[in-house]
Amino acid sequence: MAKILTGIQSTGTPHLGNILGAIIPAIDMANSSNEESYLFIANMHSLTQIKDLNILNENTFSTAATWLSFGLDPKKSCFFRQSDVPEVTELAWYLSCFFPYQRLKLAHSFKDKADNLKDVNSGLFSYPMLMSADILMYDANIVPVGKDQLQHLEMTRDVATRFNNLMGDTFVIPEAKIQNDTKYIIGTDGEKMSKSKSNIIDIFQDDKKLRKQIMKIQTQSLSVEEPKDPDQCNVFKLFKVIASDEDAKKLHSRYTNGGMGYGEAKELLYNHTLSRFSKNRELFFELNSNRDKVEQLLLEGALKARKQAQNVLKRVRARVGF
Ligand code: ADP
Ligand code: TRP
């Protein structure tokens, strides 16, 4: 049986890409596993980029509420906030002492961030060691992540193996489970949807703002009458991932027949977005007006997580002679 673990950074309200590409698949996997899963909010990782505590806490809340509104079951999964398990930073230190600097220097994600961010702090650089600690702390077997995290997983396996070889068998070697093998969800500009670009669709906004975001989707400029190629259209690409196959088929032929403008296609996408996510939105808004409940769940999760973390840390401390 496999123990599943994954984390998500709380750098903003999760967008449609995060939800479809990472959150729903991780929850499905956790809910169908017989073992307890570990799903957590990586708010200490977010500190590498966000220094405003109100924003940090707001993001943590909205990330937690998103997971819960998409069916995360806190009874089945240990659901917690990274910073509530401070043991993880101690483990990150031990791991850092077993991982070559020259190897850490090769991290793509650091290079990408260093090229794009003003604040290139050393937390950004040692990010993969904290992530390795997140994983090794709970003896995780399977780690569902996006392709972009694969190198971090390789580093985790590497540092765990180095430690085991040098100090004796201590860590479980985890495996990555790649999510969104298929294509990324595109944003309103047709590029990969990403928090760092202003192309996201945030389904937890009020109706008016959500509609505005959808109306912003870039399209070609063809007249209503002209037949259109649905596979070249950003609106259709998004419709396809949200609507049923049958509705997508219907819209496909409306594109190719001509007689439908982009405005109407966007309106359809908006209505389908509202109906597909109506239950999740309702739950999210409910949690928003009952934030203590979310806080309580996270604290209960941390209590469980800490027990396991302390066990593993004991094992590691014994190995290093502390
Ligand atoms: P962002 O690019 O918005 O900063 P993150 O890098 O924090 O998103 O990604 C969090 C998770 O969501 C990762 O597992 C990533 O693979 C997934 N993800 C992010 N953007 C998309 C997207 N456009 N389509 C599918 N999955 C995505
Ligand atoms: N770095 C991951 C991301 O940006 C988030 C993360 C932190 C994570 N710790 C983790 C993912 C442990 C999986 C396992 O998406």
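Order of listing sets the numbers, starting from 1, for every ligand and every atom in it. In this chain, residues are counted from 1 in sequence order.
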*Is the closest N or O pair between H152 and ligand 2 shorter than 3.5 Å?*
no

*State the CG-CG distance between D158 and L95, to the nearest 0.5 angstrom.*
11.0 Å

*When you measure from atom 1 (N) of ligand 2 to every protein heavy atom, which one gives the shortest distance, and what is it?*
Y127 OH, 2.7 Å

*Would you name the heavy atoms of A133 and A92 that are closest together and state the gap between them?*
CB-N, 3.6 Å

*Atom indices of ligand 2 within 4.0 angstrom of V143 heavy atoms, with elements*: 13 (C), 14 (C)

*Which ligand 1 atoms are under 4.0 Å away from a heavy-atom of Y184?*
21 (C), 22 (C), 24 (N), 25 (C), 26 (N)

*Would you check whether Q149 has a nitrogen or oxygen atom less than 3.5 angstrom from a nitrogen or oxygen atom of ligand 2?*
yes

*asked:* So if I count the atoms of ligand 2 from 1 in the order they appear, which ones are less than 4.0 Å from some heavy atom of L5?
replied: 14 (C)

*Would you call R291-E58 a salt bridge at under 4.0 Å N-O?*
yes

*At a non-hydrogen distance cut-off of under 4.0 Å, which region of Q82 contacts ligand 2 (side chain, backbone, both, or neither)?*
neither

*asked:* Applying a heavy-atom cut-off of 4.0 Å, say which part of L130 lies close to ligand 2: side chain, backbone, both or neither.
replied: neither

*Could you state the interatomic distance from CD1 (I217) to CD1 (I186), rounded to the nearest 0.5 Å?*
7.5 Å

*asked:* Just to be sure I read this right, does ligand 1 sit under 4.0 Å from the backbone of I186, its side chain, both, or neither, counting only heavy atoms?
replied: neither

*So with a 6.0 Å cut-off around CG of D245, is the heavy-atom count from everything else above 12?*
no

*Can you find a side-chain donor-acceptor pair between D134 and Q82 that sits under 3.5 Å?*
yes

*With atoms numbered from 1 as shown, which atoms in ligand 2 lie under 4.0 angstrom from a non-hydrogen atom of A42?*
7 (C)

*Is the number of heavy atoms from other residues, nucleotides or ligands within 6.0 Å of NZ (K51) greater than 12?*
yes

*asked:* Would you say the rings of Y138 and F40 are close, in the sense that their centroids are separated by under 6.0 Å?
replied: no

*asked:* Below 4.0 Å from ligand 2: does a non-hydrogen atom of L153 turn up there or not?
replied: no

_To check your reading of the model: name the closest protein heavy atom to atom 9 (N) of ligand 2, its residue, and the distance in Å._
D134 OD2, 2.7 Å

_With nothing but distance in play, are any N or O atoms of K195 less than 3.5 Å from an N or O of ligand 1?_
yes

*Option nearest atom 16 (O) of ligand 1 (shortest heavy-atom distance, choices G7, P144, S10, G146)*: G146

_Taking 4.0 angstrom as the limit and counting only heavy atoms of H45, give me the atoms of ligand 2 inside it, by number and element._
7 (C), 9 (N)

*For K192 and ligand 1, answer yes if some heavy atom of the residue is under 4.0 Å from a ligand atom, otherwise no.*
yes

_Can you tell me which portion of D148 lies within the under-4.0 Å heavy-atom range of ligand 2? Options are side chain, backbone, both, or neither._
neither

*Examine the proximity of ligand 1 to S194 and report which part, side chain or backbone, both or neither, has a heavy atom under 4.0 Å away.*
both

*When you measure from atom 18 (N) of ligand 1 to each heavy atom in I185, N18, I8, N199, which option holds the nearest one?*
N18

*Within-shell test, H15 vs ligand 1, heavy atom, strictly < 4.0 Å*: yes

*Salt-bridge contact E295-R81 (side-chain N to carboxylate O under 4.0 Å)*: yes

_Under a 4.0 angstrom heavy-atom cut-off, which atoms of ligand 2 come close to Q9?_
4 (O)

*Could you give me the CA-CA distance, side-chain angles and deciding distance for D231 and K240, then say whether side chain to side chain contact (heavy atoms under 4.5 Å, CB included) is met?*
CA-CA 10 Å; D231 300 316; K240 228 166 71 172; 4.2 Å; yes

*How does F40 reach ligand 2, if at all, at less than 4.0 Å between non-hydrogen atoms: by side chain, backbone, both, or neither?*
side chain

_Over-ring placement of R319 relative to F163, 6.0 Å and 45° cut-offs_ = no

_What verdict does the side chain to side chain contact (heavy atoms under 4.5 Å, CB included) test give for R162 and R103, after you've listed the backbone C-alpha separation in whole Å, the side-chain angles of each residue and the deciding distance to 0.1 Å?_
CA-CA 13 Å; R162 284 171 196 265; R103 179 116 166 68; 4.1 Å; yes

*Options K197, M193, Q9, ranked by nearest heavy atom to atom 20 (N) of ligand 1, top entry*: M193

*Answer yes if L166 and I173 sit in the same cluster of Ile, Leu, Val, Met, Phe, Trp and Tyr residues linked by side chain heavy atoms under 4.5 Å apart, and no otherwise.*
no

*Apply the test side chain to side chain contact (heavy atoms under 4.5 Å, CB included) to residues L153 and M131: give CA-CA distance (whole Å), side-chain angles for both, the deciding distance (0.1 Å), then the verdict.*
CA-CA 9 Å; L153 254 295; M131 179 158 163; 3.8 Å; yes

_Within the 4.0 Å heavy-atom shell around G21, which atoms of ligand 1 are there?_
25 (C), 26 (N)

*Cationic tip of K228 within the cone over F236's six-membered ring, i.e. under 6.0 Å and within 45° of the normal?*
no

*Name the closest protein heavy atom to atom 5 (C) of ligand 2, giving the residue it belongs to and the distance to 0.1 Å.*
G7 O, 3.6 Å

*asked:* For ligand 1 and G17, I'd like to know whether there is a polar contact (N/O to N/O, distance under 3.5 Å).
replied: yes

